[in-house]
Amino acid sequence: MTTLERFEQGDIRALSRIISYVENEEEGYLDLLSRLYRKPRHAVRIGLTGPPGAGKSTLVDGISRMLLQSGNDVSVVAVDPTSPFTGGALLGDRVRFKEETTGGKHYFRSMASRGSSGGLSRATDNASLVLDAFGFDYTLIETVGVGQVELDIVNNCDLVVVILVPESGDAVQTLKAGLTEIADVFVVNKSDRPGADRVVADLESMLALRNQLKTHPNAQKSQSIPVLDTDAVRGKNLDSLVEKFTNMIQDKKNSGEFDTRRREQMKRKVSEILQQRLFAETLQKIASKGEIDNVVERILAGEADPYSSAEKLFETVNLAQRPC
Ligand SMILES: Nc1nc2c(ncn2[C@@H]2O[C@H](COP(=O)(O)OP(=O)(O)OP(=O)(O)O)[C@@H](O)[C@H]2O)c(=O)[nH]1
Ligand SMILES: [Mg+2]
């Protein structure tokens with residue numbers, strides 16, 4: 001039996017193998033993705049992001065348990081952009097699976113650096129597709145930090161939970177980090193520690209302030225951004241959090257926002273693929289003419305500048321492509 005056949009029959013080892021296959025972009029992986037895109041899928045993707053040590057994994061565990069208890073199959077993808085990963089040797093550490101006695105299936109997978117930031121976000125997106133095609137109801141994606149890589153990753157999610165802690169301090173920093181642009185829900189975790197109330201209040205007043213600035217493009221969105229305080233270790237408010245985001249997802253589905261978001265994500269994905277393809281092809285055409293070296297010499301000799309030279313090189317390709 002092929003790995004794909006075993007995957008289709010619900011074999012977890014085949015699932016892990018297929019995730020590695022697409023993660024490493026092994027030969028033929030695009031054909032496989034093409035088949036998976038045609039399969040029925042219904043998983044909801046939830047992105048959870050926040051600073052290191054904020055309690056994301058503890059929260060993800062708690063949320064998973066609740067979703068499992070309601071009979072859902074839950075997969076978790078933990079993305080760690082800082083951890084270099086070189087091959088299959090660590091697979092055992094990167095995969096956990098258990099069939100909950102009380103509920104659904106639970107699968108855990110970690111993803112590590114793929115060399116380039118675009119690569120990691122693409123690998124995470126493709127792994128999520130595999131999990132979706134396998135039949136999971138939810139995929140929880142944990143990412144550390146708030147850099148471009150994390151933004152790219154959570155931009156592919158249906159709902160984004162941003163996790164802060166009392167130590168996050170001045171919540172205005174949050175705004176600067178662009179968190180309000182991506183958050184659908186704010187969580188202030190470690191609420192057993194002093195200062196949590198203050199961060200909740202700061203966040204709430206910041207969101208209220210943004211609503212008053214009617215001209216802000218996200219004003220409408222921030223109106224409905226809830227702020228919850230949790231204690232992931234003791235389970236405080238985890239039920240409210242799960243209830244909140246499941247209701248939000250249902251509302252988004254009812255209002256059409258869910259589909260609109262997915263449509264935008266897919267449009268972005270197709271555009272990115274196209275962009276990379278066009279870029280690579282155009283550059284290759286220009287390079288094959290050996291013109292770049294000539295241009296560099298002319299710029300260094302003070303006879304040209306990089307901007308108009310690049311423009312002229314681009315035009316040579318563009319003109320060559322035009323039909324007569
Ligand atoms: N007091 C308290 N400790 C917590 C809470 N949530 C998590 N922790 C602890 O904080 C530490 C970090 O928790 P993790 O869940 O690993 O945090 P993380 O955000 O996943 O960490 P990284 O993935 O390394 O960024 C652990 O020791 C947890 O037990 C909480 O609500 N209150
Ligand atoms: Mg973690």
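One-based numbering, in listed order, for ligands and for the atoms of each. Only this structure's heavy atoms are used, side chains among them; waters, hydrogens and symmetry mates stay out.
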Margin query: Working note: Lys236 + Thr230, criterion side-chain contact (heavy atoms from CB on, under 4.5 Å); need CA distance, chi angles, decisive distance, verdict.
Written below: CA-CA 5 Å; Lys236 181 190 146 196; Thr230 57; 5.9 Å; no

Is the closest N or O pair between [X] and ligand 1 shorter than 3.5 Å?
| X | answer |
| --- | --- |
| Ala232 | yes |
| Asp231 | yes |
| Gly55 | yes |
| Ala54 | yes |

Distance to 0.1 Å, residue and atom name: give those for the protein heavy atom nearest to [atom].
| atom | value |
| --- | --- |
| atom 1 (N) of ligand 1 | Asp192 OD2, 2.8 Å |
| atom 10 (O) of ligand 1 | Lys190 NZ, 3.1 Å |
| atom 6 (N) of ligand 1 | Asn189 ND2, 3.1 Å |
| atom 21 (O) of ligand 1 | Gly53 N, 3.1 Å |
| atom 18 (P) of ligand 1 | Lys56 N, 3.4 Å |

Item checked: Angle at the Mg ion (ligand 2) (to 10°), with one arm to OG of Ser57 and the other to OE2 of Glu142 ->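 An angle of 90° at the metal.
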
Notebook entry, point to check: Any idea which part of Val60 is under 4.0 Å from ligand 1, heavy-atom wise: side chain, backbone, both or neither?
Noted result: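 Contact part for Val60 vs ligand 1: neither.
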
Margin query: Side chain, backbone, both or neither: which applies to Thr58 and ligand 1 if a contact is any heavy-atom pair less than 4.0 Å apart?
Written below: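 Both of them.
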
Check: Under 4.0 Å from atom 26 (C) of ligand 1, do we find at least one protein heavy atom?
Finding: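 No, because not a single protein heavy atom sits under 4.0 Å from atom 26 (C) of ligand 1.
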
Note to self: Determine whether any protein heavy atom is located less than 4.0 Å from atom 13 (O) of ligand 1.
What the structure shows: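 Under 4.0 Å from atom 13 (O) of ligand 1, at least one protein heavy atom found.
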
Short list, please: which atoms of ligand 1 are under 4.0 Å from a heavy atom of [X]?
| X | answer |
| --- | --- |
| Glu142 | 20 (O), 23 (O) |
| Ser57 | 15 (O), 18 (P), 20 (O) |
| Val233 | 3 (N), 4 (C), 5 (C), 6 (N), 7 (C), 8 (N), 29 (O), 30 (C), 31 (O) |

Next item on the list: Check whether any N, O or S atom of Thr58 sits under 2.8 Å from the Mg ion (ligand 2).
Entry: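 Short answer: no, not a single N, O or S atom is under the cut-off.
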
Next item on the list: Could you state whether Tyr29 and Tyr37 fall into the same hydrophobic cluster, counting links through intermediate Ile, Leu, Val, Met, Phe, Trp or Tyr residues with side-chain heavy atoms under 4.5 angstrom apart?
Entry: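 Yes, because Tyr29 and Tyr37 connect within a single hydrophobic cluster, where side-chain heavy atoms sit under 4.5 Å apart.
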
Check: Do Leu33 and Met266 share a hydrophobic cluster (ILVMFWY, side-chain heavy atoms under 4.5 Å, transitive)?
Finding: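 Yes; Met266 is reachable from Leu33 via cluster members.
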
Next item on the list: Before giving the answer on side-chain contact (heavy atoms from CB on, under 4.5 Å), spell out for Val74 and Lys105 the whole-Å C-alpha distance, their side-chain angles and the decisive distance to 0.1 Å.
Entry: CA-CA 6 Å; Val74 181; Lys105 294 185 182 67; over 6 Å; no

Next item on the list: Applying side chain to side chain donor-acceptor pair (under 3.5 Å), run through Arg109 and Thr124 and close with a yes or a no.
Entry: CA-CA 10 Å; Arg109 171 82 182 207; Thr124 307; over 6 Å; no

Item checked: Stepwise side-chain contact (heavy atoms from CB on, under 4.5 Å) check, Glu8 with Lys39 -> CA-CA 10 Å; Glu8 279 163 352; Lys39 281 187 177 294; 2.9 Å; yes

I want to check something: taking the side chain as every heavy atom from C-beta on, are [X] and [Y] in contact at a cut-off of under 4.5 Å?
| X | Y | result |
| --- | --- | --- |
| Lys252 | Leu159 | yes |
| Phe186 | Leu207 | yes |
| Glu264 | Lys269 | no |

Next item on the list: Identify the two heavy atoms, one from Ala43 and one from Arg262, that lie closest to each other, and give their separation to 0.1 Å.
Entry: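 Closest heavy-atom pair between Ala43 and Arg262: O-NH2, 3.0 Å.
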
Notebook entry, point to check: Is the backbone N or O of Tyr138 less than 3.5 Å from a side-chain atom of Ser75, with the two atoms forming a donor-acceptor pair by type?
Noted result: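 Between the backbone of Tyr138 and the side chain of Ser75 there is a qualifying donor-acceptor contact (under 3.5 Å).
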
